[in-house]
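All heavy atoms count here, side chains included; hydrogens, waters and symmetry mates do not. Just follow the structure's listing: the first ligand is 1, and inside any ligand the first atom is 1.
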Amino acid sequence: MNALIAAELERRKALWEEMKRISGGNVPADKVPVSFVRQNDIYHPQAGTYVDQARTLPLTEDGIGATISIRLRGNRYTNYINEDGAKFAYPDTSNRGADRNRVQASKNAQRLNLPIFIIIGDTARKNGRSVYERIELAKVVKYDDSDKSFVVEFINETPIPPSTEETDDFELEESGKVKSARERIGLRQSEFRSSLIEKYGLKCAVCNVRHPDLLDAAHIVAKAERGTDDLRNGIVLCKNHHAAFDNNLFGINPESKKLVFLSKEIKQELNFPQRKLKTATGVLPNIKALRWKWKRFQKVLKEANQ
Ligand SMILES: [Zn+2]
């Protein structure tokens, strides 16, 4: 990757982290002052698509630059916005040439793998300041010239490189001696754990715990239920949330990935800072495993409410 593009990628990631911090760790970032957004050249009101030619022109050879942000407001251009992403129409103003360039700039962002900011909704007043309701970091996943639309996916977490620390331990166990059944099981578990952490990253999938000593490699369909060791049946959870998940104190909606709680008390007591399943690498477990577990949770939830 060219150094200018790499620097712009880092700048955007750092700005996103800062916006999350300003919002108290929230995703999407909210209550971010308009002044912060302007000062950092994240968005300036400009027909919905902000390119910042001075900054991004050198990144592309077509002399058009790469979109930094898109404002979605009202539904004139917007097809849908949900928790995972949005679909919206190409800009359509009286200035056809400028519209074409804005579309190309968003295609360029996709080609260069640069995330863009999606600024959603109106501004509000908060503590005497003008703030944005909702800001998401997104990647352009699709564009359709015949339909004249973009699809973006919201990226909630900046992926962190998977840790390799856990695998060292496993290497040491690779001796030729015959192992007892118990040792073999231990070996399988440590392999499962290190592979799982490599796949999903070092973070509880439902909270911010990242300390390796506090993280478990959990099965979605439990071993006791003859759940497979296939990594897609796995999930990294902190010890509290692992026990809570196994005991159906909370569930994960397999379709929306939203967290649902057995009771209000559990929600408060167990500290769930995020609304949805979210891994450090962005990779999610298999939907069939989640559906199986969700059925169990639904049953427990129903019994609890009877
Ligand atoms: Zn947790």
Side-chain angles (χ1 to χ4, degrees), residues 16-17 20-21 23-30 83-84 137 154-167 169 189-225 227 229-287 289-298 300-301 304:
W16 174 239
E17 289 307 316
K20 282 201 291 186
R21 199 190 61 77
S23 320
N26 292 347
V27 174
D30 55 5
E83 287 218 356
D84 302 315
L137 185 69
F154 300 145
I155 331 167
N156 287 337
E157 197 91 26
T158 313
I160 56 163
S163 164
T164 53
E165 279 166 30
E166 304 301 314
T167 53
D169 188 26
Q189 278 170 353
S190 103
E191 187 182 15
F192 181 67
R193 179 185 156 84
S194 59
S195 307
L196 206 67
I197 283 173
E198 196 170 323
K199 186 177 172 77
Y200 298 111
L202 263 179
K203 174 190 167 298
C204 172
V206 300
C207 79
N208 298 325
V209 168
R210 289 174 185 274
H211 197 290
D213 291 348
L214 301 176
L215 292 173
D216 280 349
H219 285 83
I220 296 169
V221 180
K223 286 299 280 176
E225 307 267 6
D229 279 336
D230 186 315
L231 296 178
R232 290 166 295 183
N233 182 40
I235 184 171
V236 177
L237 291 171
C238 71
K239 293 192 179 289
N240 269 352
H241 288 137
H242 183 187
F245 187 60
D246 280 356
N247 288 292
N248 292 303
L249 301 184
F250 75 94
I252 299 162
N253 182 313
E255 319 303 327
S256 69
K257 313 293 184 289
K258 272 192 191 165
L259 308 180
V260 179
F261 310 96
L262 192 60
S263 70
K264 252 190 223 156
E265 291 74 21
I266 283 160
K267 185 183 178 184
Q268 285 164 358
E269 206 173 312
L270 276 170
N271 182 30
F272 291 91
Q274 58 198 52
R275 289 174 299 165
K276 290 171 66 176
L277 181 67
K278 200 167 69 189
T279 67
T281 57
V283 177
L284 294 176
N286 185 272
I287 196 160
L290 290 173
R291 280 179 184 150
W292 185 97
K293 179 70 175 160
W294 179 243
K295 259 193 187 166
R296 284 296 167 96
F297 174 70
Q298 289 291 297
V300 173
L301 188 64

Student: Does any N or O in the side chain of Asn26 come within less than 3.5 Å of the main-chain N or O of Ala29, such that one atom is a donor and the other an acceptor?
Tutor: no
Student: May I ask you to check whether over 12 heavy atoms, not counting those of Lys239, lie within 6.0 Å of atom NZ?
Tutor: yes
Student: Apply the test side chain to side chain contact (heavy atoms under 4.5 Å, CB included) to residues Phe261 and Phe272: give CA-CA distance (whole Å), side-chain angles for both, the deciding distance (0.1 Å), then the verdict.
Tutor: CA-CA 10 Å; Phe261 310 96; Phe272 291 91; 3.3 Å; yes
Student: How about NZ on Lys267, more than 12 heavy atoms from neighbouring residues, nucleotides or ligands closer than 6.0 Å, or not?
Tutor: no
Student: Step by step, would you call Glu83 with Lys257 a salt bridge (Lys or Arg N to Asp or Glu O under 4.0 Å)?
Tutor: CA-CA 10 Å; Glu83 287 218 356; Lys257 313 293 184 289; over 6 Å; no
Student: Is the side chain of Lys203 donor-acceptor paired with the backbone N or O of Val236 at a distance under 3.5 Å, no angle test?
Tutor: no
Student: Could you grab the protein N, O or S atoms closer than 2.8 Å to the Zn ion (ligand 1) for me?
Tutor: Cys204 SG, Cys207 SG, Cys238 SG, His241 ND1
